[in-house]
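Since the structure comes first, as structure tokens, the remarks are kept for the end.
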Amino acid sequence: MGEEEDSVTVDHNSCDGADSSTLPPPPQLSSKVLTLPTVLTLGRVAAVPILVATFYVDCWWGRTATTSLFIAAAITDWLDGYLARKLRLGSAFGAFLDPVADKLMVAATLILLCTKPMDAVVVLGPVPWLVTVPSIAIIGREITMSAVREWAASQNGKLSKAVAVNSLGKWKTATQMIALTILLASRDSSFERLLPSGIGLLYVSAGLSIWSLVVYMRQIMRVLLKK
């Protein structure tokens, strides 16, 4: 979920990397709601119900379609942010929608995978909680960070900087996207040997999620204690 904001980040559809005093967005674009990056983001939102539908199609093309949709969503997640920065097409609506789209796609995928438990290692046999545990950690972290960022935005500038997206969050998002792609692909018998690596990466992503949450909380505490 995405960095977020994290997976994705809150800055994806904004021009955060540029100094607004030296690189003002073109006046004819600043008032637009449906810029190209935002259209790509809306496409990710629209793809969620299709992803759910194809997941439950129990044949090769259903599994292929689900994996392909997720990969396309991951690519557009990067692409819309790149276009927003490169072409200065950032908008307030895009900055709001981007993390929402990422979280919807990731949360939906995690929940879908939890509904059909997979055997990660033959030696262990069926382990129904194997995907559920990291999924709860990842989704719980995203809900918590969304609430924390909303609260920080209502306070002062220092608190907002304390919860700004960092490199740890970006690594979390990268491992998360790769893990989910592998897990979706491994539902096909041709790729099932990749399942253990997908499970392992999902736990790495969950660990990074919790770690990044702790880092953000520590930064917030430092700001509050200095008051």
Side-chain angles (χ1 to χ4, degrees), residues 1-13 37 40-52 54-55 63-85 94-95 97-116 118 120 130-146 165-188 191-213:
M1 285 181 176
E3 246 349 67
E4 5 150 194
E5 138 248 280
D6 290 11
S7 78
V8 15
T9 74
V10 181
D11 299 322
H12 270 185
N13 283 348
L40 290 174
T41 304
L42 285 169
R44 292 209 305 282
V45 175
V48 172
I50 303 174
L51 183 90
V52 175
T54 57
F55 185 87
R63 292 185 286 271
T64 301
T66 304
T67 306
S68 300
L69 273 172
F70 188 84
I71 292 173
I75 292 173
T76 58
D77 179 30
W78 168 82
L79 184 61
D80 61 16
Y82 174 79
L83 291 175
R85 292 186 298 269
L97 187 63
D98 184 74
V100 173
D102 296 338
K103 288 174 175 57
L104 281 174
M105 180 63 71
V106 171
T109 303
L110 287 169
I111 292 170
L112 288 172
L113 290 170
C114 288
T115 65
K116 290 190 175 182
M118 299 171 287
L130 207 58
V131 174
T132 305
V133 171
S135 296
I136 291 173
I138 292 171
I139 295 174
R141 184 266 188 194
E142 297 308 325
I143 293 173
T144 302
M145 279 308 303
S146 293
V165 178
N166 57 33
S167 58
L168 182 60
K170 293 177 182 178
W171 276 106
K172 183 269 303 182
T173 299
T175 57
Q176 187 173 276
M177 293 299 184
I178 295 171
L180 292 178
T181 299
I182 292 174
L183 290 176
L184 288 173
S186 62
R187 294 170 61 238
D188 189 301
F191 301 100
E192 61 183 2
R193 64 184 179 278
L194 298 175
L195 184 56
S197 61
I199 295 289
L201 277 174
L202 188 65
Y203 273 85
V204 170
S205 177
L208 290 173
S209 295
I210 300 301
W211 184 13
S212 66
L213 179 62

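All heavy atoms count here, side chains included; hydrogens, waters and symmetry mates do not. When a residue number appears, it is its place in the shown sequence, counting from 1.
- Considering only heavy atoms from C-beta on, Leu113 stays 4.5 Å or farther from Ser135 through its side chain.
- Atom CG of Leu42 sits about 10.5 Å away from atom CG of Asp98, to the nearest 0.5 Å.
- Atom CD1 of residue Ile136 and atom CD1 of residue Ile111 lie 10.5 Å apart, to the nearest 0.5 angstrom.
- Looking at heavy atoms from C-beta onward, Met177 lies in side-chain contact with Asp77 at the 4.5 angstrom threshold.
- You'll find the side chain of Thr109 stays beyond 4.5 Å of the side chain of Leu183, heavy atoms only.
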Review point. Could you go step by step and tell me if Val106 and Glu142 meet the side-chain contact (heavy atoms from CB on, under 4.5 Å) rule?
Key: CA-CA 10 Å; Val106 171; Glu142 297 308 325; over 6 Å; no
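- Here the closest non-hydrogen pair linking Val45 and Ala101 is CG2-CB, 3.6 Å.
- To the nearest 0.5 Å, atoms CG (Leu40) and OG1 (Thr76) are separated by 6.0 Å.
- Under the 4.5 Å side-chain criterion, counting only non-hydrogen atoms from C-beta, Leu112 is not in contact with Thr66.
- Without hydrogens or angle criteria, Arg44 side chain to Leu104 main chain gives no donor-acceptor distance under 3.5 Å.
- In this structure, Phe191 and Thr67 have side chains that are not in contact, with every pair of non-hydrogen atoms separated by 4.5 Å or more.
- Of all heavy-atom pairs spanning Ile138 and Ala206, the tightest one is CG1-CA, 3.9 Å.
- Across Ala179 and Leu202, no two heavy atoms sit closer than the pair CB-N, 3.5 Å.
- Atoms OH and CD1, on Tyr203 and Ile199 in that order, are 7.0 Å from each other to the nearest 0.5 Å.
- For the atom pair Thr173 OG1 and Leu208 CG, the distance stands at 9.5 Å (nearest 0.5 Å).
- The two residues Leu195 and Ser186 make their nearest non-hydrogen contact at CD1-OG, 3.4 Å.
- Rounding to the nearest 0.5 Å places CG of Leu168 at 5.0 Å from OG of Ser212.
- No donor-acceptor pair under 3.5 Å is formed between the side chain of Ser205 and the backbone N or O of Leu201.
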